[in-house]
Amino acid sequence: MAKELPTRAEDYAQWYVELVKKADLAENSDVRGCMVIKPYGYTLWENMQRALDKMFKDTGHVNAYFPLFVPKSMFEAEEKNAEGFAKECAIVTHYRLKNDPSKPGKLMVDPEAKLEEELVVRPTSEAIIWNTYKKWIQSYRDLPILINQWANVVRWEMRTRLFLRTAEFLWQEGHTAHATRQEAEQEARLMLDVYAEFAERFMAVPVIKGRKSDGERFPGAVDTYCIEALMQDGKALQAGTSHFLGQNFATAFDVQFSTKEGKLDYVWGTSWGVSTRLIGGIIMAHSDDDGLILPPRLAPLHVVIVPIFRSEEELNKITAAIEPVIGDLRKAGLSVKFDNRDTQKPGFKFAEYELKGVPVRIAVGPRDLENGTLEVARRDTKQKQVLKMEGITTAITALLEEIQSNLFARALKFREEHTTRVDSYEEFKRVLDDKGGFVLAHWDGTTETEQRIKDETKATIRCIPLEGGQETGACVYSGKPSAGRVVFARAY
RNA sequence: CGGGGUGUAGCGUAGCCCGGUAUCGCGCCUGCUUUGGGAGCAGGAGAUCGUCAGUUCGAAUCUGGCCACCCCGACCA
């Protein structure tokens with residue numbers, strides 16, 4: 001076990017928060033509910049951004065940027081959406097400070113600088129974007145609009161946790177406008193597929209694709225799709241959402257266009273997003289009691305090289321021998337660090353990089369120089385092997401791929417072992433308490449039943465799965481007919 | 001926003017009940033010995049005890065106000 005890191009079994013929540021801090025990903029700032037994302041954590045986010053951004057571009061989207069502030073009247077135009085977010089909005093009411101006459105050296109809000117109309121700090125950007133699209137769209141020839149933005153948003157949360165829920169967070173939000181219902185629905189589903197692919201191929205986290213129940217749907221959407229991931233403590237994490245907005249925002253913002261047939265119609269919309277929350281998901285899906293385990297395809301650092309030396313002379317010899325190796329690894333596109341500090345001992349460094357989840361560690365000492373070998377350790381299984389220095393780049397590249405697929409396989413196995421079909425309410429409650437994870441159960445489709453189950457068990461319907469849910473049965477709670485099993489879980 | 005708790009060195013803490021300027025560990029600095037799994041020894045620096053006021057010869061300690069943060073609940077990606 002890592003020094004001063006609680007084990008997952010002892011206290012999962014504490015383990016998580018300590019790990020985030022000790023692995024240098026992020027820390028709490030002095031601003032309540034807000035975090036500082038440190039360079040190591042931010043590099044991870046940048047890697048995620050890069051992969052996602054490419055996937056967005058490959059599916060025809062372009063990036064743009066819309067303002068942080070949304071005038072209140074604009075914000076409230078789509079009522080359901082505004083209502084849904086009202087309780088967690090930060091508002092700008094003034095635009096100037098002045099010296100406080102009663103407290104020298106202190107500032108106060110200048111009461112004379114009150115804004116005529118308050119500005120809402122965006123909790124999401126549908127309002128400002130649809131208000132803008134109105135100006136851009138007249139004809140079917142202007143459609144579709146396929147825009148994404150990378151931005152920060154603010155949701156004034158009561159309780160926050162690093163990455164998982166913070167008052168300000170970073171995300172991307174796609175906002176598209178289409179001429180037909182079918183095209184918009186396809187877009188929402190396409191982006192859900194993109195998210196699922198990203199989660200599985202890059203994060204190495206298996207996800208269930210599904211639709212949200214009425215109770216869990218995004219306010220203002222006709223349909224909300226999501227990907228749900230399972231964490232090691234048996235709780236679910238919503239890892240991405242994609243909304244089919246119907247014509248709700250077009251109606252609210254009066255965005256009409258002339259069809260080919262010369263008629264006027266409202267535009268069909270979608271929006272979709274993933275946030276820095278995914279970092280929390282990566283941590284909780286893979287890491288162990290020794291620290292982070294990061295998937296190679298997103299890790300800020302792929303390989304760390306630790307020299308074992310007694311003297312400066314010895315270090316010089318090692319450096320000379322290892323430099324070509326570093327060059328080759330970098331040429332192969334890998335991020336490599338040679339940790340030649342003489343202020344820390346090798347053992348300390350080993351522990352440190354395990355804590356930080358670097359996928360592959362190479363140790364090289366005098367013994368290796370004699371034999372032309374390197375000691376290669378993989379973080380996911382902690383196995384060590386001695387390899388020939390020659391051809392090491394090929395071996396490392398293959399090893400990284402193997403770690404990537406092993407992480408996914410491991411997480412998938414965990415999910416399968418923690419997905420349980422239940423047919424009675426007693427069993428439902430017992431599985432939730434004893435085992436956790438996803439519970440597949442029949443549900444009568446009503447919000448009342450969903451709410452009662454939530455009140456009694458704290459479990460919510462994570463999604464109505466898109467695949468493999470067709471099977472008639474009786475609702476575990478009410479006994480009424482059900483068209484298919486849905487996914488229940490306690491969730492973050 | 002309800003209920004509970006805590007503020008003492010960069011971090012974690014002792015001292016508070018019973019007033020006399022502060023304990024220990026980690027980290028940091030210097031030196032020597034060490035280095036294939038979190039080194040050892042010796043020396044050293046670092047705190048107006050959250051904040052404002054009150055009581056007192058004297059306040060980390062007692063009293064009151066304020067501020068901040070944490071935990072539990074309701075709300076949430």
Could you tell me the separation between the CD atom of A:Glu27 and the C1' atom of B:C69, rounded to a whole number of Å? 15 Å
Classify A:Leu237 by what it touches in the nucleic acid, base, sugar-phosphate, or nothing, heavy-atom distance under 4.0 Å. nothing
For the residue pair A:Trp15 and A:Tyr12, categorise the inter-ring angle as parallel (less than 30°), tilted (30 to 60°) or perpendicular (more than 60°). tilted
Which value, in whole Å, describes the distance between the C1' atoms of nucleotides B:C29 and B:U21? 25 Å
To the nearest 0.5 angstrom, please state how far the CG atom of A:Leu25 sits from the OG1 atom of A:Thr43. 10.0 Å
Polar pairs (N or O, both sides) under 3.5 Å between protein and nucleotides 32-36 of chain B?
unit_1	atom_1	unit_2	atom_2	d
B:U35	OP1	A:Arg310	NH1	3.1
B:U35	OP2	A:Arg310	NH1	2.9
B:U35	O2'	A:Phe309	O	3.4
B:U35	O4	A:Arg310	O	3.0
B:G36	N7	A:Arg367	NH2	3.4
B:G36	O6	A:Gly365	O	3.3
B:G36	O6	A:Pro366	N	3.2
B:G36	O6	A:Arg367	N	2.7
B:G36	O6	A:Asp368	N	3.3
B:G36	N1	A:Gly365	N	3.4
B:G36	N1	A:Asp368	OD2	2.5
B:G36	N2	A:Asp368	OD2	3.1

What is the distance, to the nearest angstrom, from the CD1 atom on A:Ile362 to the C1' atom on B:G37? 17 Å
Between A:Lys382 (NZ) and B:G37 (C1'), how many Å, whole number? 9 Å
Rounded distance (Å) that lies between atom C1' of B:G12 and atom NZ of A:Lys21: 12 Å
Donor + acceptor pair across side chains of A:Ser311, A:Glu313 (<3.5 Å): no
Using the C1' atom on both, measure B:U30 against B:A45 and round to a whole Å. 10 Å
Aromatic ring pairing A:Trp150/A:Trp45, orientation class (parallel under 30°, perpendicular over 60°, tilted between): perpendicular
In whole angstroms, the gap separating C1' of B:G12 from CD of A:Gln14 amounts to 13 Å
For A:Glu323, which residues count as a salt bridge (Lys or Arg N to Asp or Glu O under 4.0 Å) partner, sequence neighbours excluded? none
Please identify each residue that fulfils side chain to side chain contact (heavy atoms under 4.5 Å, CB included) with A:Gln385, with sequence neighbours left out. A:Val376, A:Leu387
Output a table of donor-acceptor pairs, distance under 3.5 Å, between side-chain atoms of residues 297-310 of chain A and any protein atom two or more places apart or on a different chain; print 'none' if there are none.
unit_1	atom_1	unit_2	atom_2	d
A:His302	ND1	A:Ser335	N	2.9
A:His302	NE2	A:Pro296	O	3.0

Please list, one pair per line, the donor and acceptor atoms closer than 3.5 Å that link side chains of residues 74-91 of chain A to other protein atoms, with sequence neighbours excluded.
unit_1	atom_1	unit_2	atom_2	d
A:Glu78	OE1	A:Lys80	N	3.3
A:Glu78	OE1	A:Asn81	N	2.8
A:Asn81	ND2	A:Pro219	O	3.0

Per the glycosidic torsion and the 90° limit around 0, nucleotide B:U21 is syn
B:A9 and B:G5: how far apart are their C1' atoms, nearest whole angstrom? 24 Å
Yes or no on side-chain contact (heavy atoms from CB on, under 4.5 Å) for A:Phe218 and A:Lys212, after CA distance, side-chain angles and deciding distance? CA-CA 8 Å; A:Phe218 175 69; A:Lys212 284 294 187 190; over 6 Å; no
A:Glu185 side, atom CD; A:Leu245 side, atom CG - distance, nearest 0.5 Å: 11.5 Å
Assign A:Arg341 to base, sugar-phosphate, or nothing according to its heavy-atom contacts below 4.0 angstrom with the strands shown. nothing
With the criterion being N/O to N/O and under 3.5 Å, what pairs connect the protein with nucleotides 74-76 of chain B, and how long is each?
unit_1	atom_1	unit_2	atom_2	d
B:C76	O2'	A:Glu157	OE2	3.1
B:C76	O2	A:Arg165	NE	2.0
B:C76	O2	A:Arg165	NH1	2.8
B:C76	O2	A:Arg165	NH2	2.4
B:C76	N3	A:Arg165	NH1	3.1

Any base atoms under 4.0 Å from A:Ser275, or only sugar-phosphate, or nothing? Heavy atoms, all strands. base
Between the side chains of A:Asp339 and A:Tyr353, is a donor N or O closer than 3.5 angstrom to an acceptor N or O? yes
Atom NZ of A:Lys22 to atom C1' of B:G38: distance rounded to whole Å? 13 Å
According to a 3.5 Å limit on both distances, what stems of 3 or more consecutive Watson-Crick or G-U pairs are formed with RNA chain B? B:1-7 with B:67-73, B:10-12 with B:24-26, B:28-33 with B:39-44, B:50-54 with B:62-66
Once the angle between the rings of A:Phe198 and A:Phe202 is folded into 0 to 90°, is it parallel (under 30°), tilted (30 to 60°) or perpendicular (over 60°)? parallel
If the P atom of B:A60 is compared with that of B:C52, how far apart are they to the nearest Å? 13 Å
Please evaluate residues A:Phe408 and A:Arg201 with respect to the criterion side-chain contact (heavy atoms from CB on, under 4.5 Å), reporting the C-alpha separation (whole Å), side-chain torsions for both, the decisive distance (0.1 Å), and the verdict. CA-CA 8 Å; A:Phe408 179 78; A:Arg201 277 187 51 219; over 6 Å; no
Among residues 189-201 of chain A, which residues get a heavy atom nearer than 4.0 Å to RNA chain B? none
Protein-nucleotide distance (A:Met35, atom CE; B:C69, atom C1'), rounded to Å: 18 Å
Please, which pairs that meet side chain to side chain donor-acceptor pair (under 3.5 Å) have at least one residue in residues 357-372 of chain A, sequence neighbours excluded? A:Glu354-A:Arg361, A:Asp368-A:Thr373
Distance alone, cut at 3.5 Å: any donor-acceptor contact between the side chains of A:Ser271 and A:His175? no
With rounding to the closest Å, how many angstrom separate the C1' atoms on B:C71 and B:G27? 27 Å
Please set out all donor-acceptor pairs under 3.5 angstrom arising from side-chain atoms of residues 186-194 of chain A, sequence neighbours excluded.
unit_1	atom_1	unit_2	atom_2	d
A:Glu187	OE2	A:His61	NE2	2.7
A:Glu187	OE2	A:Trp272	NE1	3.4
A:Asp193	OD1	A:Lys209	NZ	2.8

Modelled atom types, side-chain donor and acceptor of A:Asn316 and A:Glu312, under 3.5 Å: no
Would you classify A:Lys384 as touching base, sugar-phosphate or nothing, given that sugar-phosphate means primed atoms plus P, OP1 and OP2, and contacts are heavy atoms under 4.0 Å? base
Please report the distance separating the C1' of B:G46 from the corresponding atom of B:U23, rounded so that it comes out in whole Å. 15 Å
Taking B:G50 as the reference, what is the distance to B:A39 when you measure between their P atoms (whole Å, please)? 35 Å
Could you tell me how far B:G3 sits from B:A74 if I compare only their P atoms? Round to whole Å. 16 Å
Measure all distances between protein nitrogen or oxygen atoms and nitrogen or oxygen atoms of nucleotides 8-10 of chain B, and list the pairs falling under 3.5 Å.
none

By side chain to side chain contact (heavy atoms under 4.5 Å, CB included) - contacts of A:Arg415 (at least two apart): A:Pro206, A:Ile208, A:Leu230, A:Leu412, A:Thr419, A:Phe438
Atom CG of A:Asn28 and atom C1' of B:A68: how far apart are they, to the nearest Å? 13 Å
